[in-house]
Amino acid sequence: MPGRTPSPPTVVLVHGAFTDASSWTGVIRRLHAAGLSVRAPANPLRGLAHDAAYVRNVLRQIDKPVVLVGHGYGGAVITHAATDADNVVALGYVAAFGLDAGECLLDVTNRFPPLPGADTVFTESVAASSSVRPDGELYIRRERFLQVYAADLSPRVTRVLSVSQRPLAHSALSAGSGPPAWASKPSWYAIATADRMLSPTAQRFMAQRMTATEYVLDGSHAVLRSRPDAVAAMIRAAADAER
């Protein structure tokens with residue numbers, strides 16, 4: 001009697017800074033069309049330990065194998081969250097941070113020459129101190145949003161994104177990561193060659209360090225919006241490989 005075909009894993013999509021889960025809309029549509037179940041939780045953006053704990057709790061509620069995917073800062077979150085998550089069978093990075101143990105976002109960005117205009121990308125709004133918001137918040141200057149974040153999207157779309165962006169807690173830049181999940185789980189990485197937020201050279205360095213299967217895409221940091229077909233194809237490949 002032939003064996004049963006294993007059911008496909010659930011895909012969990014973790015968005016990055018300055019956006020929300022709607023950034024995955026085009027990718028989700030394509031994954032649904034391919035018959036995959038998808039979760040896209042709201043990343044709190046309050047700091048690496050806090051955000052990873054939130055994602056880890058989401059993973060505990062899923063009783064199926066998981067392909068865990070992060071975009072931008074969301075890559076740092078999944079790297080930190082999935083180390084002891086037994087149901088995570090593969091990781092996907094989309095123009096994302098794949099940190100090593102003890103490494104922080106600034107360690108990666110400072111390793112490579114700054115991108116043009118990087119010193120004017122962010123503005124900080126000081127927030128009241130609390131356990132999950134100990135300092136200021138980071139935004140992309142509205143007038144620079146199209147240029148640095150989403151140069152391959154229409155100005156009409158980018159204007160909406162620039163005024164609806166969700167800030168990242170400043171402390172997230174210097175928070176050290178724990179043991180990396182990519183050291184023990186297979187990884188896929190979509191390198192965005194026109195990214196002006198996270199250097200493509202840095203992306204390639206992280207992809208090679210984790211021995212990820214690389215997908216090289218012509219796109220900005222918003223490549224998941226501008227190239228949803230290609231991003232979804234990478235995620236489907238990761239899901240198929242782990243069935």
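Since we're looking at a predicted model, the values are computed, not measured.
The minimum heavy-atom distance linking A81 with A52 is given by the pair CB-O, 3.5 Å. V27 and L224 get closest at one heavy-atom pair: CG2-O, 3.6 Å. Contact record, P65 with V89: CB-CG1, 3.9 Å, taken as the closest heavy-atom pair. Between M234 and Y189, the shortest heavy-atom contact is SD-C, 3.6 Å. Residues G219 and A192 share a closest heavy-atom pair of O-CB, 3.3 Å. Taking both residues in full, the closest heavy atoms of V94 and V223 are given as CG1-CG1, 3.6 Å, listed atom of the first, atom of the second, then distance.
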Before giving the answer on side-chain contact (heavy atoms from CB on, under 4.5 Å), spell out for V216 and T193 the whole-Å C-alpha distance, their side-chain angles and the decisive distance to 0.1 Å.
CA-CA 7 Å; V216 180; T193 61; 3.4 Å; yes
Working for side-chain contact (heavy atoms from CB on, under 4.5 Å), residues V67 and V12
CA-CA 6 Å; V67 174; V12 176; over 6 Å; no
Please assess D195 against S220 for the test side chain to side chain donor-acceptor pair (under 3.5 Å), listing each intermediate value before the final yes or no.
CA-CA 4 Å; D195 198 331; S220 70; over 6 Å; no
Run the numbers on R227 and D218 for salt bridge (Lys or Arg N to Asp or Glu O under 4.0 Å), then give the verdict.
CA-CA 8 Å; R227 300 288 308 279; D218 181 16; 5.7 Å; no
For a side-chain contact (heavy atoms from CB on, under 4.5 Å) check, start with the C-alpha distance between R236 and V11, then their side-chain angles and the critical distance, and finish with the verdict.
CA-CA 9 Å; R236 290 199 311 270; V11 177; over 6 Å; no
Report the C-alpha distance between M206 and L198 in whole Å, list the side-chain angles of each, state the deciding distance to 0.1 Å, and finish with yes or no for side-chain contact (heavy atoms from CB on, under 4.5 Å).
CA-CA 11 Å; M206 289 182 285; L198 177 58; 4.0 Å; yes
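With hydrogens and angles ignored, the 3.5 Å screen pairs a side-chain donor or acceptor of Q165 with a backbone N or O of I140. In terms of modelled atom types and a separation under 3.5 Å, the side chain of D20 and the main chain of R166 share no donor-acceptor contact. Side chain of R209 to backbone of G98: a donor-acceptor contact under 3.5 angstrom is found. Using a distance-only test at 3.5 Å, with no hydrogens or angles considered, a donor-acceptor pair links the side chain of T83 to the main chain of P179. Put simply, the side chain of T25 gets close to the backbone of S22: a donor and an acceptor are under 3.5 Å apart. W182 places no side-chain N or O within donor-acceptor distance of the main-chain N or O of T211, the cut-off being under 3.5 Å. Proximity of a side-chain donor or acceptor of R196 to a complementary backbone N or O of Q147 within less than 3.5 Å is detected.
Contacts of D229 classified as salt bridge (charged side-chain N to carboxylate O under 4.0 Å, His left out), with partners at least two apart in sequence or in another chain: R30. Under the rule for a salt bridge (charged side-chain N to carboxylate O under 4.0 Å, His left out), D240 has no partner lying at least two apart in sequence or in another chain. Checked against side chain to side chain donor-acceptor pair (under 3.5 Å), T19 has no partners two or more places apart in sequence or in another chain. Every residue two or more places apart in sequence or in another chain that forms a salt bridge (charged side-chain N to carboxylate O under 4.0 Å, His left out) with R111 is listed here: E103.
Linking ILVMFWY side-chain heavy atoms closer than 4.5 Å, directly or via other members, places L146 and V157 in two distinct hydrophobic clusters. W24 and L153 end up in different hydrophobic clusters when Ile, Leu, Val, Met, Phe, Trp and Tyr side chains are linked at under 4.5 Å. L105 and V148 fall within the same hydrophobic cluster, defined by Ile, Leu, Val, Met, Phe, Trp and Tyr side-chain heavy atoms under 4.5 Å apart, directly or through other members. L138 and V108 end up in the same hydrophobic cluster when Ile, Leu, Val, Met, Phe, Trp and Tyr side chains are linked at under 4.5 Å. If you chain together hydrophobic residues whose side chains sit under 4.5 Å apart, M197 and V77 fall into the same group.
Taken to the nearest 0.5 Å, the CZ atom of F97 stands 9.5 Å off from the SG atom of C104. Taken from CZ in R56 to CG in D84, the straight-line distance is 5.5 Å, to the nearest 0.5 Å. The CZ atom of R142 sits 12.5 Å away from the CG atom of L161 when rounded to the nearest 0.5 Å. The line from CZ of F112 to CZ of F205 is 5.0 Å long, rounded to the nearest 0.5 Å. Atom OG of S177 and atom CG of L48 lie 5.5 Å apart (nearest 0.5 Å). Interatomic distance, D107 CG to D100 CG, rounded to the nearest 0.5 Å: 10.0 Å.
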Which side-chain N or O atoms in residues 35-45 pair as donor and acceptor under 3.5 Å with protein atoms at least two apart or in another chain?
from	atom 1	to	atom 2	distance (Å)
N43	OD1	L45	N	3.4
N43	ND2	H15	O	3.0

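Looking at heavy atoms from C-beta onward, V69 lies out of side-chain contact with I78 at the 4.5 angstrom threshold. Looking only at side-chain heavy atoms (C-beta outward), I235 and L31 come within less than 4.5 Å of each other. Taking 4.5 Å as the limit, some side-chain heavy atom of K64 sits within range of a side-chain heavy atom of S7. A heavy-atom distance below 4.5 Å is found between the side chains of R225 and S23. Contact check for V14 versus L68: side-chain heavy atoms found under the 4.5 Å cut-off.
Contact check on R159 versus E143 returns no salt bridge, with no Lys/Arg side-chain nitrogen under 4.0 Å from an Asp/Glu carboxylate oxygen.
Counting non-hydrogen atoms of neighbouring residues, nucleotides and ligands closer than 6.0 angstrom, the CZ atom of R29 reaches no more than 12 such neighbours.
The list of side-chain hydrogen bond (donor to acceptor under 3.5 Å, both in side chains) pairs with a residue in residues 71-80, not counting sequence neighbours, reads D51-Y73, T79-Y93.
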